Structure formats: structure tokens, C-alpha cells
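In what follows, a single structure is set out as C-alpha cells and then discussed.
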Amino acid sequence: MADKVLMKGNEVIGEAAVLAGCRYYFGYPITPQSELPAYLARRLPEVEGVFLQAESEVAAINMVYGAASAGARVMTSSSSPGVSLKQEGLSYIAGAEMPCVVVNVVRGGPGLGNISPAQSDYWQATRGGGHGDYRTLVLAPNSVQEMADMTIAAFELADRFRNPVLLLVDGILGQMMEPVQLPAPTTYDINQKPWALGNPNPRKGGRNLCSTIFLDVEQLEEHNWHLYQKYQVVTDEFAKGAYKHLAVETHAVDDAEIVLVGYGIISRILKTVVEKARKRGIKAGLVRPKTLWPFPSQVLADLAAKTKQFLVVEMSCGQMVEDVKLAVDGKKPVFFFGRTGGTVPSDFEILNEVDKLVRPD
Amino acid sequence: MMTMEQVFARPKSMSKTPFHYCPGCDHGVVHRLVGECLDELEVGDKAIGVAPVGCSVFAYDYFNFDFNQAAHGRAPAVATGIKRVRPDRIVFTYQGDGDLAAIGTAEIVHAANRGEKITVIFINNAIYGMTGGQMAPTTLVGMKTATSPYGRDAQLCGNPIKVSEMLATLEAPVYVTRVAVNTPANLMKAKKALKNAFRLQKEGKGFTFVEVVSICPTNWGKSPTDAHQWLAEKMLPVFPLGTYKDTLGVDKS
């Protein structure tokens with residue numbers, strides 16, 4: 001194992017991508033993810049890779065589509081307004097079942113919003129985002145170490161399920177520096193995917209085609225159900241614990257009378273809240289979804305039988321809270337506390353909310 | 001005794017699928033020229049096509065090699081991704097005027113400006129075909145379409161955009177030419193242009209662009225013969241045939 005190094009979150013995604021065998025990056029400048037393309041612009045030429053600054057996010061995601069269809073491990077990154085522009089390409093990539101990794105270092109919205117950290121792209125990330133019946137896997141790290149580990153996992157999941165995988169990071173994590181242990185590099189060969197365009201190895205059917213058009217309604221229906229079944233396989237595998245280390249983290253939930261739920265940077269604040277609440281005699285626990293789609297519903301459903309209430313905390317007006325409510329299914333009350341517009345809640349104000357819920361008088 | 005020799009056959013790089021194009025459409029002719037050129041350059045097995053959105057969305061059906069079907073206007077970006085991963089392949093896009101000169105303007109200009117080592121075939125017939133004959137960026141002033149029922153008004157919608165002339169102002173492209181397939185003589189010139197473009201790509205020289213001024217008998221409301229007549233009389237004065245950029249002098253060689 002390599003020694004720990006001190007790295008910035010945005011940069012570690014770049015290095016982890018290289019270690020995962022990614023040799024192609026296409027992107028367009030936007031704050032607060034600028035360190036990632038800057039890192040890869042330096043790094044990729046060192047490993048005979050291609051860093052290309054595209055004319056727009058629309059072009060960048062379509063370059064990703066082309067490179068993925070040619071068999072490469074490929075990545076793009078952006079921040080909220082830029083990720084909106086990528087939705088056209090993402091719909092095509094998901095429809096054509098091309099693997100790729102897309103990083104969203106989320107900032108405040110809607111519109112141009114601001115460049116401060118936010119979690120208000122949860123719906124866009126977990127509901128497909130673009131047009132049509134499709135899903136993307138969504139991973140949400142909460143530390144620089146996890147940004148490394150989840151980047152590598154994202155490439156593996158993308159190839160495994162032939163699907164785009166999103167890394168949903170907020171601006172704090174992107175800008176944060178922490179010690180990180182980088183894994184050993186993976187070797188990757190662009191000819192290992194038999195379906196890739198330009199693959200010189202003999203293959204069934206004579207030639208390879210990457211397309212999303214099915215004019216015949218029955219064919220498109222069949223294709224959409226095929227995609228649906230794939231998403232069911234993803235959901236089932238996550239539910240059965242095949243990706244336990246990636247799916248969800250729980251903390252002090254066994255005796256918890258109130259379960260806090262949050263992802264990304266919020267989950268680190270919530271951990272402090274749990275400790276402080278317990279010092280005050282409040283039995284608080286924490287559920288942190290690490291994968292946002294598929295959502296770790298079962299863990300929350302199981303806790304609904306044991307705990308008294310849930311408090312979901314997000315840096316948005318309340319988006320993931322809907323998934324928590326679906327999982328809890330009305331069995332226990334689910335409350336929400338959010339700050340939005342680029343504001344990060346303090347442990348103190350969340351603790352106040354916990355206090356109010358547990359001791360209403 | 002006389003010996004028989006086959007002098008005309010389907011190009012090897014083309015499939016046996018019948019064209020879905022309207023009778024008289026130029027797409028079939030240009031497809032065939034592409035197939036012939038790739039065969040003659042012996043790169044049919046190394047080609048990767050990128051189909052657009054528009055009438056030629058199913059272009060992949062008519063060729064035997066790998067294809068990507070891109071989103072509207074994005075073919076040059078998709079081709080960039082493919083060519084960067086597989087520089088030894090012959091990568092080309094095949095796009096119409098709505099695709100390339102309207103929604104995909106940024107993608108074509110910047111792929112050309114980067115000097116992507118791809119070939120772009122641009123079918124300019126001054127109208128949107130597949131969606132039902134709407135005004136295109138290359139529609140002539142005064143030309144009636146579904147969305148310019150009183151004729152294209154230059155005050156309201158500007159003038160037809162001249163893509164070859166625009167791209168020729170860039171440093172990187174090595175070959176930018178405009179051809180037509182309305183007469184046998186023009187067809188032979190078009191084939192030479194396409195072959196030049198693919199040869200330059202095979203030699204790794206740079207970005208090549210072949211605009212083909214074409215017809216749309218269905219949406220123009222003309223017979224194929226009348227349409228080709230109209231092309232010669234009305235379109236060619238606005239879109240003059242000729243080579244606009246030829247850095248390596250291939251037209252003369």
C-alpha cells in the first residue's frame with residue numbers, strides 16, 4: 001500500500017480516474033470543479049491519455065459518448081448548470097448502454113445560482129435527469145478518501161452495468177484537502193469490450209452499432225423494459241449487499257429514538273450532532289446513504305420498525321426526504337431540516353431541531 | 001470468344017439493405033460514392049461512421065462497418081471522441097443542413113478548428129427533410145417552406161449560411177470543398193472530392209469537409225429532374241461549387 005498523501009478532493013478524483021484506467025477526459029470550465037480538469041490536463045498526457053477542453057458541456061458529453069462507444073474508460077465533470085447541459089448526452093449514453101463516469105460538484109441553483117456548495121441536484125441525479133425511461137447510478141462520497149475509492153468504483157460499476165455512473169459531490173468536498181491512500185493502478189484495454197466500435201477482434205454479427213433509435217414502437221418498448229430489468233438487477237444486487245461498502249453507512253442506530261439521515265458533507269456534520277445529542281441524553285443515530293441510486297431503502301424501512309422518528313437534513317429545500325418517506329412508508333414521522341442557496345447548516349442549528357423534535361415542550 | 005467482365009457492383013463496404021429514402025433523393029447516390037471511395041482506398045473495414053438526426057439517421061443500415069448514431073448536431077463531437085480513442089480508424093460524420101448548420105454549429109466549427117482528423121460529409125438541400133420541410137439555415141431567401149410559408153424573409157430570418165466558406169477561414173482544416181451530384185460530370189467531381197477527403201484522413205493529415213449541394217424532391221414539391229434543374233439555377237449561385245481550402249493541394253495532384 002502506498003503512503004497517505006495530502007490531496008484536494010477535486011484533484012483526487014482526477015488521480016483516481018487515472019488509476020482506474022481512464023485515459024480520456026472531455027470537459028468545459030466551471031466553478032467549483034476547476035481543479036479537476038486542471039489536474040487531468042497535466043496528468044493525462046503523462047500516461048498517453050487525452051485531455052480535451054470542449055467548446056461546451058453539450059459537446060463534452062457527446063465526446064464522452066463517442067469515446068465510450070469506442071471502448072474507452074472516459075470521464076467528464078462539471079457543476080450544476082453544466083450538468084444540466086449534459087442531460088441530452090446522458091439520455092443517449094444511458095439509452096445506448098455506454099459506460100462512463102460523470103462528476104457533478106454541486107453548486108447552488110436554480111439557474112446560475114452561485115458557486116457555493118449545495119445538494120439541490122439530488123432529483124436531477126437520481127431521477128435520470130434527461131428525457132426518457134432511464135436511470136443512472138449515483139455515488140455520494142463524504143471524504144477525500146471516499147472520492148478516490150468511489151471514483152474507482154464508479155468506473156467498475158459503469159463497465160459492469162454498461163451505464164453512466166454519477167459522482168455527486170458538493171463544493172466543500174471538492175475544495176477540501178485531506179490525507180488519502182491511493183489504490184494500485186488498474187490496467188485497462190480498450191479492446192476488452194467486444195461491443196466497442198473499432199474493436200479489431202472478430203465478433204458476432206459482423207459489426208458493432210451504437211444507437212438509441214427504435215422507430216418500431218414494440219422494439220422501443222422491448223428496449224425500455226430491457227433497460228428496466230437491468231436497473232432491477234442493479235437495485236437487487238445493492239439490496240442484497242453485493243456492494244455493502246458502497247451502499248450505506250449507519251452509526252449508533254440500534255437504540256436510536258431519532259434517526260438522522262443525510263449524505264455527503266452533511267453526514268459529517270450529522271455525526272457530530274449525534275455525539276452531541278447523546279451527551280445531552282438524546283438517543284440519536286445516523287443513516288448515511290453512500291449510494292443515492294439505488295437508494296438504500298431497506299435500511300430505513302427496517303429502522304422504521306425500531307425508531308420513533310426521522311430527521312432528514314439536506315443542503316436543499318428537501319429532495320432526498322422524498323426517498324426517505326417512500327422507504328419509511330408512513331410507519332413513522334419523517335421531518336426535514338434544510339439550508340439552501342449555498343448555505344451549510346451548523347451542528348448547533350441541527351441540534352436545535354433535534355431538541356425540538358425529541359422534547360417538543 | 002467474348003469474355004464477360006463485371007463493371008458495376010455494390011461496393012463491398014455497403015450492405016444489401018434497400019434505401020428508405022424518397023425516390024430521386026441524392027442521399028443514395030452520395031452513400032454509394034462514400035462506399036466506393038472507402039473500397040478503393042481499402043479502408044472499408046477500418047471505417048466508423050457517425051449518423052446524424054435527420055433523413056440519414058439510418059445511414060448505418062446501408063454500410064457494413066461500425067456506426068454510432070449521434071444526437072442532433074453532435075456528430076462532430078461524437079466523432080471526436082471515437083477518433084481520439086481509435087486514431088487508426090477512418091471516422092466520418094454524415095450530416096444534413098439542420099443538423100450541421102443550425103443545432104450543431106458549435107460542434108462543427110470547433111471540431112474543424114481543432115483539426116480533428118475526421119471527415120465530415122455535409123448534405124445541404126436547403127430544407128429539413130425528415131421533420132417535414134421546415135426552413136433550414138441554408139434555405140434560400142424567398143424560398144417557401146412549412147415554416148416560411150411566405151418565403152424566407154432575410155429581414156426576419158437572415159440569409160442562407162455558407163458553411164464551407166466559413167470553415168475555410170479556419171487555420172486547421174486541410175480540405176474544404178463544395179460539390180454536387182446533379183450531373184454526371186459533377187458526380188465524378190464529387191467522388192474525387194470524397195476520395196481526396198478520405199485519403200487525407202487515411203494519411204493522418206487533418207480535418208476534411210465535403211459539402212454536397214443536394215435536393216429534396218418531396219419537400220420541395222418537385223420531380224427529381226425538376227429539383228436538379230432548380231438546384232443548378234437557384235442553389236448553385238448562392239452555394240458556388242469549388243474547393244475553398246486545400247492546404248496540401250490535393251485537387252491539383
Side-chain angles (χ1 to χ4, degrees), chain A residues 23-26 28 44 48-74 76 85-93 95-96 98 100 130-131 190-191 193 195-200 203 205-215, chain B residues 13-16 20 43-54 56-91 93 103-116 118 130:
Chain A
R23 292 294 178 271
Y24 299 89
Y25 173 93
F26 305 95
Y28 184 86
L44 279 172
E48 292 174 0
V50 172
F51 169 88
L52 203 158
Q53 184 169 314
E55 60 270 27
S56 69
E57 278 99 349
V58 176
I61 192 70
N62 281 284
M63 290 170 186
V64 168
Y65 183 35
S69 74
R73 279 193 162 175
V74 54
T76 185
L85 286 169
K86 290 187 197 293
Q87 296 306 327
E88 173 199 70
L90 272 167
S91 170
Y92 279 73
I93 292 169
M98 292 296 143
C100 69
H131 64 283
I190 57 165
N191 290 325
K193 289 165 182 162
W195 47 259
L197 308 186
N199 187 331
R203 40 198 137 115
R207 63 102 173 242
N208 287 336
L209 177 65
C210 171
S211 171
T212 57
I213 184 167
F214 299 91
L215 270 196
Chain B
S13 48
M14 298 193 79
S15 71
K16 287 186 178 168
H20 72 278
V43 293
D45 58 339
K46 289 177 76 180
I48 301 176
V50 182
V53 169
S56 48
V57 65
F58 293 117
Y60 57 77
D61 272 343
Y62 310 119
F63 296 96
N64 288 325
F65 42 80
D66 292 356
F67 248 92
N68 183 312
Q69 191 277 308
H72 202 22
R74 318 296 177 222
V78 172
T80 296
I82 296 171
K83 185 73 180 187
R84 295 289 180 138
V85 175
R86 299 201 179 265
D88 60 330
R89 301 282 139 172
I90 301 297
V91 180
T93 72
I103 198 166
T105 319
E107 284 77 8
I108 187 59
V109 168
H110 288 277
N113 192 48
R114 286 191 303 268
E116 294 296 336
I118 60 172
M130 187 172 251

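All chains are named by letter (A, B, ...) in the order of the sequence lines, taking the proteins before the strands, and each is independently numbered beginning at 1. For clarity, every value in this text was computed on a predicted model and none was experimentally measured.
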Looking at [atom1] of [X] and [atom2] of [Y], how far apart are the two atoms once the value is rounded to the nearest 0.5 Å?
X         : Y         : atom1 : atom2 : value
Ile213(A) : Tyr60(B)  : CD1   : OH    : 5.5 Å
Phe58(B)  : Leu215(A) : CZ    : CG    : 3.5 Å
Asp45(B)  : Arg207(A) : CG    : CZ    : 14.0 Å
Ser211(A) : Asp61(B)  : OG    : CG    : 9.0 Å

Between [X] and chain A, which part of the residue has a heavy atom less than 4.5 Å away: side chain, backbone, both or neither?
X         : answer
Val109(B) : neither
Phe67(B)  : both
Phe63(B)  : backbone

For residues [X] and [Y], determine if any side-chain heavy atom of one lies less than 4.5 Å from a side-chain heavy atom of the other.
X        : Y        : result
Arg23(A) : Val85(B) : no
Met63(A) : Ile82(B) : no
Gln69(B) : Ser69(A) : no

Options [options], ranked by heavy-atom pairs under 4.5 Å with chain A, top entry:
options                                : value
Val50(B), Val91(B), Asn64(B), Asn68(B) : Asn68(B)
Gly104(B), Ala51(B), Ala71(B)          : Ala71(B)
Arg74(B), His110(B), His72(B)          : Arg74(B)

Can you name the closest pair of heavy atoms from [X] and [Y] and give their distance?
X         : Y         : result
Ala106(B) : Glu55(A)  : O-OE2, 3.6 Å
Ala59(A)  : Ala77(B)  : O-CB, 3.6 Å
Arg86(B)  : Leu197(A) : NE-O, 2.7 Å

Is [X] close to chain B through its backbone or its side chain, or both, or neither, when contacts mean heavy atoms under 4.5 Å?
X         : result
Ala196(A) : both
Ile61(A)  : neither
Tyr65(A)  : both

Quick one: does Asp66(B)'s side chain have a donor or acceptor within less than 3.5 Å of a partner on Gly198(A)'s backbone?
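Judged by distance alone, yes, a pair lies under 3.5 Å.
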Kindly say whether Phe51(A) contributes a backbone atom to a donor-acceptor pair with the side chain of Arg84(B) at under 3.5 angstrom?
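No, the answer is negative, given that no donor and acceptor are paired below the 3.5 Å cut-off.
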I need the residue from Ile190(A), Val64(A), Val50(A) with the largest number of non-hydrogen atom pairs under 4.5 Å to chain B.
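Going by pairs under 4.5 Å, I would pick Ile190(A).
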